[in-house]
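Notes for the one structure printed next.
Below, chains carry the letters A, B, ... as their sequence lines are ordered, and counting in each starts from 1.
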There are 2 protein chains.
Amino acid sequence: MVAAARKRVQDTVNNYGFMQLNKSFVSADDVAKRAGVSRSAVSRTFTPGASVSEETRQRVMEAAQALGYHVNQLARGLMRSESGIVCLVVSEMDTPYRARLVRALTHELQTAGKIAMLINTDRSDGSVDTALRQTLHYRADASILLSGLPDKAITRLCLNSGQRIVLINRDDDIEGPFRINLDDGQAARVAVSAFLRAGCRHLAFANSDVGTPSLMARERGFIAAAAEFGLEVRVVRHGNTVYESGRKIAQTLFTEAVQPDAVFCVNDLMAFGLMDGARYDFGLNIPEDLCIVGFDDIEQSSWTSYNLTTFSQPVDEIVKSSVAWLQSDATAGRVRPANLHAPLIWRKTIRNKL
Amino acid sequence: MVAAARKRVQDTVNNYGFMQLNKSFVSADDVAKRAGVSRSAVSRTFTPGASVSEETRQRVMEAAQALGYHVNQLARGLMRSESGIVCLVVSEMDTPYRARLVRALTHELQTAGKIAMLINTDRSDGSVDTALRQTLHYRADASILLSGLPDKAITRLCLNSGQRIVLINRDDDIEGPFRINLDDGQAARVAVSAFLRAGCRHLAFANSDVGTPSLMARERGFIAAAAEFGLEVRVVRHGNTVYESGRKIAQTLFTEAVQPDAVFCVNDLMAFGLMDGARYDFGLNIPEDLCIVGFDDIEQSSWTSYNLTTFSQPVDEIVKSSVAWLQSDATAGRVRPANLHAPLIWRKTIRNKL
DNA sequence: GAAACTTTTGCACGCGCTTGCAAAAAAGCG
DNA sequence: CGCTTTTTTGCAAGCGCGTGCAAAAGTTTC
């Protein structure tokens with residue numbers, strides 16, 4: 001129906017003599033006709049590595065230019081079984097870290113000649129599995145998951161459809177997808193030793209209760225590292241990894257009998273909440289009374305009001321290695337996960353010496 | 001080549017008897033064969049409003065279920081000239097306000113049965129025009145521009161291709177696109193009267209020097225509203241609409257002979273920078289020494305360290321009206337722009353009385 | 001200049017789907 | 001039950017493109 005309507009418009013327009021300029025879409029056929037060659041010729045002109053003589057190539061390009069032709073990626077995708085589409089499935093994408101990742105990913109994908117489709121898994125219903133199935137509808141070449149963890153069945157379905165999957169910070173022992181993780185254990189160790197050097201003795205860990213693998217890895221790592229020095233860790237888990245949760249955790253921690261003098265927050269947002277809670281609800285000074293370290297190094301961490309010492313997500317590396325893997329030859333089956341290092345960015349929330 | 005390889009795999013698999021489960025993609029043909037009907041029947045089953053008897057419909061659905069079939073949107077898009085794709089073209093999408101908008105838009109589009117393609121215009125080269133042309137490659141049904149302003153020629157090209165365009169906060173007199181704007185003038189007037197009620201007499205306006213239409217509208221509105229009360233406005237423009245620029249502007253403003261006691265910041269990020277500058281570089285107290293109002297009401301504005309009084313972007317309304325218009329009947333030609341109201345959210349950066 | 005190459009070109013088929021059209025089946029009616 | 005009207009169905013064409021194949025054109029070689 002729509003197509004019919006469009007067709008009609010086009011014809012009318014043509015009758016009025018405005019020709020190609022106003023035609024809905026110019027096809028390879030049109031270009032071929034104008035250039036006086038076969039349609040294959042124009043198709044080959046736009047296919048890197050195909051056999052076309054320089055002369056016809058010129059002719060085709062000229063005609064294409066004049067008509068404003070560009071290949072229809074939908075049709076090309078249909079033939080090639082390679083749509084050039086990469087799906088980014090992500091929830092709560094306005095979270096600073098996620099937003100930065102999405103920005104960097106889309107950019108990198110574009111420079112690699114791919115295009116990003118954004119799938120929002122905010123609504124609770126179908127969540128990730130539905131989203132992943134959706135990626136199949138559009139024959140996406142690959143999916144990159146920033147949040148959620150897919151069911152094994154659906155993962156296999158995607159892989160069998162020739163799709164590649166990248167999991168960022170979602171470690172799990174699913175095989176097939178490329179997994180990118182941070183060395184959370186190492187970061188935790190660095191945090192502990194930084195706290196100790198600052199003279200802290202009462203360590204706490206502020207986590208969310210969603211229990212994402214990488215968050216749990218940080219928690220375990222921190223507890224283990226502290227144990228090596230004979231220290232116990234007060235762990236508080238609450239809500240999501242957002243400001244409010246940090247605030248809430250401050251309420252819990254600073255109304256207890258023995259209060260921490262150092263807190264590792266599982267991400268920066270929670271650290272900000274915790275800092276504001278400590279400062280404004282309990283009058284604590286940071287870093288004199290309380291040392292804090294966060295994770296992600298989002299932009300706000302460098303704002304003077306917070307000046308948060310935090311671990312930096314190597315966004316560039318994450319993005320580069322993801323896209324590189326997408327373009328590499330499919331070594332189907334088990335894929336070696338990437339393990340990236342998150343360096344500590346020193347600012348002002350851990351004191352230098354006691 | 002890829003297609004050929006896939007075909008080969010499929011055949012092998014079939015020979016081994018694993019059948020459909022492992023086949024790359026199951027097509028409508030497969031379903032038809034299994035259900036014992038024609039391919040048109042299955043196509044009609046998945047086309048709302050098409051004529052199929054309840055019985056065959058059931059049979060088809062069953063077969064589809066068993067085989068894991070879902071229509072290929074690429075192929076459907078090819079036929080229907082309606083891909084279901086909506087392009088979001090945006091730069092610096094990790095900016096809190098933009099990120100929120102992108103999140104809300106993708107969500108709303110999905111519930112409307114569309115899917116979002118994200119086009120990043122960060123890199124300076126082609127910018128918006130290239131991006132918009134890219135949307136044509138994928139035969140997007142529509143494009144929503146959150147940043148940048150397209151050339152008229154390319155706009156017309158998109159419109160002629162049957163694409164619809166939405167401009168958010170990018171007012172300009174381009175005709176054809178649906179434009180959504182805020183009532184910046186009204187907001188500016190509200191800001192002035194709030195400052196006056198607080199006893200402020202030295203107004204300043206902190207703007208970026210990129211000169212986006214909506215930002216300039218706020219500036220003009222503020223100056224005009226102040227003039228009605230016989231007050232002059234010290235305008236400072238610097239850099240981008242980011243934290244650092246606000247910081248820089250603080251340096252400028254508070255080293256001058258006559259210092260402002262009220263600043264309207266063109267967005268929240270700049271307001272934060274200005275606040276931090278005022279507080280930490282100049283020891284000013286907010287709101288006692290200095291009143292501040294921002295724009296956007298991003299999440300950070302409610303954080304205790306800032307507690308910024310600011311104008312709220314009606315994100316929900318923006319998103320809803322955008323998507324609604326996309327689905328409405330094309331009233332081609334001049335489209336009446338939407339003019340939305342941005343209410344002031346009172347927090348703690350404007351004092352109540354003198 | 002003819003034979004043996006190599007490169008370029010056009011044809012025709014197919015990717016997976018929608019849809020107008022006419023035939024077939026079902027339903028309504030006196 | 002026969003006839004008309006409505007609904008359902010299959011056929012076939014076509015959306016815009018890529019690509020194997022064989023014919024055509026161009027190059028080299030002796």
Side-chain angles (χ1 to χ4, degrees), chain A residues 1-8 10 23-33 35-60 64 67 69-84 136-139 161-162, chain B residues 1-8 10 23-33 35-60 64 67 69-84 136-139 161-162:
Chain A
M1 178 189 330
V2 176
R6 190 160 293 169
K7 200 65 165 186
R8 213 175 321 116
Q10 166 192 334
K23 180 176 173 183
S24 295
F25 276 113
V26 358
S27 72
D29 256 323
D30 304 330
V31 177
K33 212 160 291 169
V37 297
S38 81
R39 223 202 47 243
S40 330
V42 11
S43 183
R44 289 194 175 99
T45 302
F46 289 97
T47 303
S51 163
V52 216
S53 73
E54 193 49 36
E55 194 200 325
T56 57
R57 178 191 183 70
Q58 288 296 335
R59 288 246 295 282
V60 169
L67 300 181
Y69 169 79
H70 35 75
V71 329
N72 182 334
Q73 296 287 350
L74 261 44
R76 169 175 276 184
L78 197 53
M79 269 303 299
R80 290 225 184 126
S81 335
E82 233 191 68
S83 58
L136 293 178
H137 297 357
Y138 281 95
R139 299 299 189 261
S161 303
Chain B
M1 179 189 329
V2 177
R6 190 159 294 169
K7 201 63 166 185
R8 214 175 319 115
Q10 166 191 333
K23 180 177 171 181
S24 296
F25 276 113
V26 356
S27 73
D29 257 324
D30 304 330
V31 177
K33 212 160 292 169
V37 298
S38 80
R39 227 201 35 247
S40 331
V42 9
S43 183
R44 289 194 176 101
T45 302
F46 289 97
T47 303
S51 164
V52 216
S53 73
E54 194 47 37
E55 193 201 324
T56 56
R57 179 191 181 71
Q58 288 295 336
R59 287 247 295 283
V60 169
L67 300 180
Y69 169 79
H70 35 74
V71 329
N72 182 333
Q73 296 287 351
L74 261 44
R76 169 175 276 185
L78 196 54
M79 269 304 299
R80 290 227 184 124
S81 332
E82 231 191 69
S83 58
L136 293 178
H137 296 357
Y138 282 94
R139 299 300 189 258
S161 304

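- Contacts of A:Tyr69 with the nucleic acid, taken as non-hydrogen atoms under 4.0 Å apart, involve only primed sugar atoms and P, OP1 or OP2.
- When rounded to the nearest whole Å, the span between CG of A:Leu136 and P of C:dG16 equals 14 Å.
- Atom OH of B:Tyr69 sits about 13.0 Å away from atom CG of A:Leu136, to the nearest 0.5 Å.
- Paired with A:Thr45 under the rule side-chain contact (heavy atoms from CB on, under 4.5 Å), one option of A:Val31, A:Val60, A:Val37, A:Thr56 passes, and it is A:Val60.
- Taking only side-chain atoms of B:Ser53, from C-beta outward, the nucleotide of C:dT9, C:dT18, D:dT9 with the closest atom is D:dT9.
- A donor-acceptor contact under 3.5 Å links the side chain of A:Ser40 to the base of C:dC11.
- Taking 4.0 angstrom as the limit, A:Thr56 places a side-chain polar atom (N or O) nearer than this to OP1 or OP2 of C:dT9.
- One interatomic measurement links the two molecules: CG of B:Asp29 to P of D:dG10, which rounds to 13 Å at whole-angstrom precision.
- The distance from atom CZ of B:Arg139 to atom C1' of D:dG16 is 8 Å, rounded to the nearest whole Å.
- Counting atom types as modelled, B:Arg39 pairs a side-chain N or O with a base atom of C:dT18 as donor and acceptor under 3.5 Å.
- Between B:Leu78 and B:Arg44, it is B:Arg44 whose nearest contact on DNA chain D lies nearer the 5' terminus.
- Atom CZ of B:Arg80 is separated from atom C1' of C:dT19 by 10 Å (rounded to the nearest Å).
- Side-chain atoms of B:Ala28 lie closest to C:dC17 of the nucleotides C:dT19, D:dT9, C:dC17.
- Residue-level contact check: B:Ser43 touches the bases, meaning some heavy atom is under 4.0 Å from a base atom.
- Taking every side-chain heavy atom of B:Ala75 into account, C:dG16 is the closest of C:dG10, C:dG16, D:dT19.
- Dashed line: the shortest gap from a side-chain N or O of B:Ser27 to OP1 or OP2 of C:dG16 is not under 4.0 Å.
- Remark: the backbone N or O of A:Ser83 is not paired with any side-chain donor or acceptor of A:Arg139 at under 3.5 angstrom.
- One can place CD of A:Glu82 at 14 Å from C1' of C:dC15, the figure rounded to the nearest angstrom.
- Mapping B:Val52 and A:Gln73 onto DNA chain D via the closest heavy atom, the residue that lands nearer the 5' end is B:Val52.
- For B:Glu55 and C:dA26, the CD to C1' distance is 12 Å, given to the nearest whole Å.
- Distance from the side chain of B:Met79 is smallest to D:dC15 among D:dT9, D:dC17, D:dC15.
- Separation of atoms OG (B:Ser53) and CZ (B:Arg59) is listed at 8.5 Å; rounding is to 0.5 Å.
- Summarising the geometry, the separation between CG on A:Asn72 and P on C:dC17 is reported as 16 Å, rounded to the nearest angstrom.
- Looking at A:Ser81, its side chain has no donor and acceptor atom pair within 3.5 Å of the base of C:dC15.
- Taking atom OH on A:Tyr138 and atom C1' on C:dC17, their separation rounds to 14 Å, with Å as the unit.
- Listed pair A:Ser51 / C:dT8 meets the phosphate criterion, a side-chain N or O lying under 4.0 Å from OP1 or OP2.
- Ring geometry, A:His137 versus B:His70: the interplanar angle falls from 30° to 60°, so the pair is classed tilted.
- Side-chain N or O atoms of A:Thr47 include one that pairs as donor or acceptor with a backbone N or O of A:Ser43 at under 3.5 Å.
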